Amino acid sequence: MMEKASIHKGHRERLKQRFLEEGLDNFTDVQVLELLLFYAIPQRDTNPIAHALLDYFGGLSQVLEAGVEELKKVPGISDHSATLLSLVTQIARYYQVDCAQRVECLTSLDACGAYLVPYFFGRSKETVFLLCLDAKCKVLCCREVGEGSVNSASISVRKIVETALGANATTVVLAHNHPSGVALPSEEDVQTTWRVAAALNAVEIHLADHIVVADGDYVSMAQSGYEIEKSQH
């Protein structure tokens, strides 16, 4: 038993040292999970657990996107380990958003799209954000205003208007994600855009765009020829 523990300890130190010297570029998915689990499971061989996670979920990204309760269904994964694994994607999103927020002014729709994409990293549910800008295109805030499908049941137009007014915005950009991986605006998205634009116009705030995000990319409805405001004819 002592000899086996010694082998595992040596393996841990070698893997850690390899990461410090080379980074993760040449690691396998199993080795990435092994290394991560070292910090939640100090006394066990994490290789079989890493294999079990990949077998259960199908890939590294699926493991890191899984919820805590689903992760705990895999033998060897405790609440502590599951929390650590689920934290990775959250931290990655937090980091990307923090990097995006270093840009103070967004003077084009492309800049707005690039700013908004990190907010949706790793999200498995449809989420709606509102980006608020002042008259000089300075970012005032970017707030979550809904979760679920973008329709009348899940998005509160009143909340959007209150958020924009509270930020003293003159222009806003609405954004939501399609976790299915297809960033094509639906007819429902178009109808919702018109409703939001009309409500914002009533308080003299301009809806510049509605951005749909999927798989790290986005479609700008304004740039793709969709009407942001409903025609009156």
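For clarity, every value in this text was computed on a predicted model and none was experimentally measured. Heavy atoms only: backbone and side chains are in, while hydrogens, waters and symmetry mates are out. Residue numbers start at 1 and run along the sequence shown.
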**Item:** Within 6.0 Å of CD in E22, more than 12 heavy atoms from elsewhere
**Value:** yes
**Asked** At what distance, to the nearest 0.5 angstrom, does CD of E162 lie from CZ of R143?
**Response** 13.0 Å
**Request:** Could you check if a side-chain atom of S81 sits within less than 4.5 angstrom of a side-chain atom of I41, using non-hydrogen atoms only?
**Result:** yes
**Prompt:** If Ile, Leu, Val, Met, Phe, Trp and Tyr residues are connected whenever their side-chain heavy atoms lie under 4.5 Å apart, and connections chain through other members, are L20 and L37 in the same group?
**Reply:** yes
**Prompt:** Looking at side-chain heavy atoms only, is the closest gap between V190 and M221 below 4.5 Å?
**Reply:** yes
**Asked** So do T170 and H206 actually touch side chain to side chain, heavy atoms under 4.5 Å?
**Response** no
**Asked** Quick check: does any side chain N or O of T89 sit under 3.5 Å from a backbone N or O of L87, one acting as donor and the other as acceptor?
**Response** no
**Prompt:** To the nearest 0.5 Å, how far apart are CD in E70 and CD1 in I77?
**Reply:** 12.5 Å
**Asked** If we only count heavy atoms from C-beta on, is the N26 to Q31 side-chain gap below 4.5 Å?
**Response** no
**Item:** Side-chain donor/acceptor of D209 to backbone N/O of S220, under 3.5 Å
**Value:** no
**Message:** Under 3.5 Å, is there a donor on one side chain and an acceptor on the other for D189 and T192?
**Reply:** no
**Identified side-chain contact (heavy atoms from CB on, under 4.5 Å) counterpart of V32 within the set V63, L60, L15** = L60
**Non-hydrogen atoms of K125 and P179 that approach each other most closely** = C-CG, 3.7 Å
**side-chain contact (heavy atoms from CB on, under 4.5 Å) evaluation trace for V88 with L36** = CA-CA 9 Å; V88 173; L36 186 58; 3.6 Å; yes
**Message:** Would you say CG of N168 has more than 12 non-hydrogen atoms from neighbouring residues, nucleotides or ligands within 6.0 angstrom?
**Reply:** no
**Asked** Salt-bridged, K72 to E69, with N to O below 4.0 Å?
**Response** yes
**Request:** For V157 and A199, work out which heavy atoms get closest and say how close.
**Result:** CG1-CB, 3.3 Å
**Fill in**
Output for pair (T28 OG1, L33 CG), nearest 0.5 Å, gives 8.5 Å
**Prompt:** Do S86 side-chain atoms and T83 backbone N/O form a donor-acceptor pair below 3.5 Å?
**Reply:** yes
**Asked** Checking side-chain contact (heavy atoms from CB on, under 4.5 Å) for the pair V203/L165: CA distance, chi angles, key distance, verdict?
**Response** CA-CA 8 Å; V203 292; L165 286 172; 4.2 Å; yes
**Asked** If every non-hydrogen atom of A40 is compared with every non-hydrogen atom of P42, which pair is closest and at what distance?
**Response** O-CD, 3.5 Å
**Prompt:** Mind checking whether E34 and R12 have side chains closer than 4.5 Å, heavy atoms only?
**Reply:** no
**Complete:** Note: with side-chain heavy atoms under 4.5 Å as the link, the other cluster members for V97 come out as V103, L106, Y115, L116, V117, Y119, F120, F129, L131, L133, V139, V173, I211, V213, Y218
**Request:** State which residues pass side chain to side chain donor-acceptor pair (under 3.5 Å) with Y94; sequence neighbours excluded, sorted by chain then number.
**Result:** none
**Message:** Once rounded to the nearest 0.5 Å, what's the spacing between atom CD of E126 and atom NE2 of H178?
**Reply:** 5.0 Å
**Message:** Using every non-hydrogen atom in the two residues, find where A183 and V219 come nearest and quote the distance to one decimal.
**Reply:** O-CG2, 3.0 Å
**Message:** Do L64 and F57 have side chains that approach each other closer than 4.5 Å (heavy atoms only, starting at C-beta)?
**Reply:** no
**Request:** May I ask whether L109 and L207 are part of the same hydrophobic cluster, defined by side-chain heavy atoms of I, L, V, M, F, W, Y residues being less than 4.5 angstrom apart, directly or through others?
**Result:** no
**Message:** If I take atom CD1 from residue I160 and atom SG from residue C132, how far apart are they, to the nearest 0.5 angstrom?
**Reply:** 10.0 Å
**ILVMFWY cluster, L140 and I205 together (side-chain gap under 4.5 Å)** = no
**Request:** Determine whether L84 and L24 fall in the same hydrophobic cluster, where Ile, Leu, Val, Met, Phe, Trp and Tyr are linked whenever their side-chain heavy atoms lie under 4.5 Å apart.
**Result:** yes
**Message:** Any side-chain to backbone donor/acceptor pair from D215 onto D217? Under 3.5 Å, distance only.
**Reply:** no
**Item:** Residue pair L53 / L85, side-chain heavy-atom distance below 4.5 Å
**Value:** yes
**Message:** For the CZ atom on R93, are there more than 12 heavy atoms of other groups (residues, nucleotides or ligands in this structure) within a distance under 6.0 Å?
**Reply:** yes
**Request:** Take E229 and N201, measure what side-chain contact (heavy atoms from CB on, under 4.5 Å) needs, and give me the verdict at the end.
**Result:** CA-CA 9 Å; E229 298 182 22; N201 277 339; 3.2 Å; yes
**Asked** Would the number of heavy atoms belonging to other residues, nucleotides or ligands and lying under 6.0 Å from NZ of K138 be above 12?
**Response** no
**NE2-CD distance between H11 and E13, expressed to the nearest 0.5 angstrom** = 11.0 Å
**Close side-chain approach of V212 and N177, heavy atoms under 4.5 Å** = no
**Request:** Before giving the answer on side-chain contact (heavy atoms from CB on, under 4.5 Å), spell out for Y56 and Q62 the whole-Å C-alpha distance, their side-chain angles and the decisive distance to 0.1 Å.
**Result:** CA-CA 9 Å; Y56 186 89; Q62 291 95 320; over 6 Å; no
